[in-house]
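Below is one structure; the comments refer to it alone.
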Amino acid sequence: MAATLPANVAGQRITGIGRRAKYLLIALESGTLLVHLGMSGNLRVVEAREPRRTHDHFDVVLDSGKALRFNDSRRFGSLIFTRADPARHPLLARLAPEPFDAAFDAQYLWRVTRKRRVAIKQLLMNSHLVVGVGNIYASEALFRARIAPGRRAAMLSRVEAAHLVRAVRAVLAQAIRAGGTTLRDYVGADGVPGYFRQRLYVYERAGKPCRRCGTPVRSRTQGQRSTYYCPACQK
DNA sequence: ACGCCCTCCTGTTGGC
DNA sequence: TGCCAACAGGAGGGCG
């Protein structure tokens with residue numbers, strides 16, 4: 001969040017709203033404001049006069065008297081203004097297809113996993129290969145596809161790649177409908193938490209019975225992130 | 001090009 | 001009660 005940000009965005013009309021991967025794109029008359037929430041960020045619509053709270057970093061005050069208020073305790077999030085085509089911004093230019101794009105299909109996933117020795121769970125979280133799949137949904141999608149998270153990506157069959165594409169789309173669609181997964185403090189722009197946490201099959205459920213087969217769910221670390229899986233259902 | 005590992009930062013939780 | 005380590009929703013970057 002550069003010091004020049006207020007000067008770049010103040011006084012301008014919002015001409016559109018978009019999204020690319022986990023970046024929210026707020027189109028302005030002279031450029032685009034890119035918002036990434038990182039791990040702990042959130043953007044809420046509040047009354048502009050509502051007092052700031054800890055870690056409220058930025059307000060986009062609207063003519064209505066409301067404000068888009070950016071709060072981010074860990075500060076892994078970012079607010080970036082760019083004058084150029086946002087799709088060409090270095091952070092966005094090389095991002096993979098969206099999970100719901102036709103381009104993200106079984107053939108695509110099978111192709112990009114060839115010659116990849118990395119574990120499939122880590123590959124799912126690589127935004128240059130697939131976007132939108134974070135730590136929660138990577139575990140959940142692999143459970144639904146019945147694929148063990150530690151499998152080397154290149155070892156997936158065409159059929160497994162097809163199942164995984166379907167699972168990624170299904171879990172994301174269901175989570176979106178549920179308003180997201182609130183683990184501790186996530187809320188949507190309206191301040192309402194998401195309730196997909198109740199629907200998780202494996203994430204945060206180490207030691208608890210698998211909802212499909214009853215075998216205790218396990219956890220392990222992959223790439224400094226926790227992974228959850230059912231050792232019986234996932235092969 | 002790839003894969004491994006570190007980093008950024010703050011807050012919460014659990015063990016002693 | 002205090003202290004400290006471990007861990008948490010992301011992802012860029014350095015290095016071999």
Side-chain angles (χ1 to χ4, degrees), chain A residues 1-2 19-25 34-44 52-58 70-80 82 86 88-99 109 111-143 149-156 168 171-172 174-176 178-189 191-207 218-228:
Chain A
M1 183 165 58
R19 180 193 58 77
R20 178 74 175 99
K22 294 184 182 176
Y23 291 90
L24 175 63
L25 281 55
L34 309 178
V35 183
H36 196 296
L37 302 179
M39 296 271 254
S40 58
N42 83 294
L43 197 61
R44 292 191 54 197
R52 309 285 120 84
R53 303 215 267 206
T54 309
H55 307 306
D56 281 343
H57 300 302
F58 198 83
F70 180 71
N71 178 288
D72 185 14
S73 58
R74 293 181 72 181
R75 293 194 273 147
F76 288 174
S78 49
L79 293 177
I80 298 162
T82 178
R88 296 216 188 102
H89 190 280
L91 291 171
L92 275 62
R94 289 171 10 180
L95 290 174
E98 296 287 333
L109 187 61
R111 181 168 56 79
V112 302
T113 50
R114 295 310 92 185
K115 300 182 181 175
R116 292 278 183 162
R117 295 180 59 79
V118 74
I120 185 61
K121 193 260 190 170
Q122 289 170 269
L123 183 141
L124 279 183
M125 294 177 64
N126 181 342
S127 62
H128 294 114
L129 300 175
V130 192
V131 302
V133 183
N135 202 40
I136 298 173
Y137 304 129
S139 282
E140 292 297 310
L142 286 164
F143 173 81
R151 289 267 301 282
R152 291 187 190 279
M155 293 294 103
L156 262 62
V168 163
V171 73
L172 290 178
Q174 290 167 24
I176 289 165
T181 304
T182 296
L183 296 180
R184 86 178 333 135
D185 52 19
Y186 166 77
V187 290
V192 178
Y195 58 87
F196 196 70
R197 191 183 193 182
Q198 307 159 228
R199 311 275 174 82
L200 299 174
Y201 281 94
V202 287
Y203 190 84
E204 275 193 322
R205 298 195 68 249
R218 286 194 195 156
S219 68
R220 58 172 290 197
T221 298
Q222 290 181 283
Q224 293 111 244
R225 310 301 297 278
S226 58
T227 299
Y228 298 84

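Just so we're on the same page: letters track the sequence lines, and every chain starts at 1. No experiment lies behind these values; they were computed from the predicted model shown. What's counted below: heavy atoms across the whole structure, side chains too, no hydrogens, waters or symmetry copies.
More than 12 heavy atoms of other shown residues, nucleotides or ligands fall within 6.0 angstrom of atom CZ in R114(A).
R20(A) pairs by the side chain to side chain donor-acceptor pair (under 3.5 Å) definition with E98(A), not counting sequence neighbours. Every residue two or more places apart in sequence or in another chain that forms a side chain to side chain donor-acceptor pair (under 3.5 Å) with R52(A) is listed here: D59(A). The side-chain contact (heavy atoms from CB on, under 4.5 Å) search around H55(A) returns H57(A), N71(A), S73(A), not counting sequence neighbours. Residues that satisfy the side chain to side chain donor-acceptor pair (under 3.5 Å) test with R197(A), not counting sequence neighbours, are E204(A). With sequence neighbours excluded, the residues forming a ring pair (Phe, Tyr, Trp, His ring centres under 6.0 Å) with Y201(A) are F143(A), listed by chain and number. Under the side chain to side chain donor-acceptor pair (under 3.5 Å) criterion, R205(A) pairs with no residue at all, not counting sequence neighbours. Applying the side-chain contact (heavy atoms from CB on, under 4.5 Å) criterion to V192(A), with sequence neighbours excluded, gives D190(A). A search for ring pair (Phe, Tyr, Trp, His ring centres under 6.0 Å) contacts involving Y23(A) returns H36(A), not counting sequence neighbours.
Applying the side chain to side chain donor-acceptor pair (under 3.5 Å) test to pairs two or more places apart or on separate chains, those with a residue in residues 126-136 of chain A are K121(A)-N135(A).
Distance F70(A) CZ to dC9(B) P: 15 Å, rounded to the nearest Å. Regarding D72(A), its CG atom lies at a distance of 18 Å from the P atom of dA8(C), rounded to whole Å. Rounded to whole angstrom, the span from the CG atom of D185(A) across to the P atom of dG10(C) amounts to 13 Å. One interatomic measurement links the two molecules: CG of N71(A) to P of dT10(B), which rounds to 13 Å at whole-angstrom precision. When rounded to the nearest whole Å, the span between CD of E204(A) and P of dA8(C) equals 9 Å. Put simply, CD on Q222(A) is 17 Å from C1' on dA8(C), counting in whole angstrom units. One can place CD1 of I80(A) at 17 Å from P of dG10(C), the figure rounded to the nearest angstrom.
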field: 5'-to-3' dot-bracket of DNA chain C (Watson-Crick, G-U; under 3.5 angstrom; crossing pairs as [ ]; | other strand)
entry: .|||||||.|||||||
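Taking side-chain N and O atoms only, H55(A) has no distance below 4.0 Å to OP1 or OP2 of dT10(B). Phosphate proximity of dA8(C) to S226(A): present, with a side-chain N or O under 4.0 Å from OP1 or OP2.
Using a 4.0 Å heavy-atom criterion, one finds that N126(A) contacts no nucleic acid atom at all.
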query: Tell me, for nucleotides 1-8 of chain B in 5' to 3' order, what letter each nucleotide earns: B for a base near a protein heavy atom under 4.0 Å, S for only sugar-phosphate near one, - for neither?
result: -SS-BB-B
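The closest donor-acceptor contact from the side chain of T182(A) to the backbone of G194(A) lies under 3.5 Å.
Comparing dA6(C) with dC6(B), their P atoms are spaced 13 Å from each other, to the whole Å.
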Heteroatom pairs (N/O) under 3.5 angstrom, protein to nucleotides 12-16 of chain C:
none

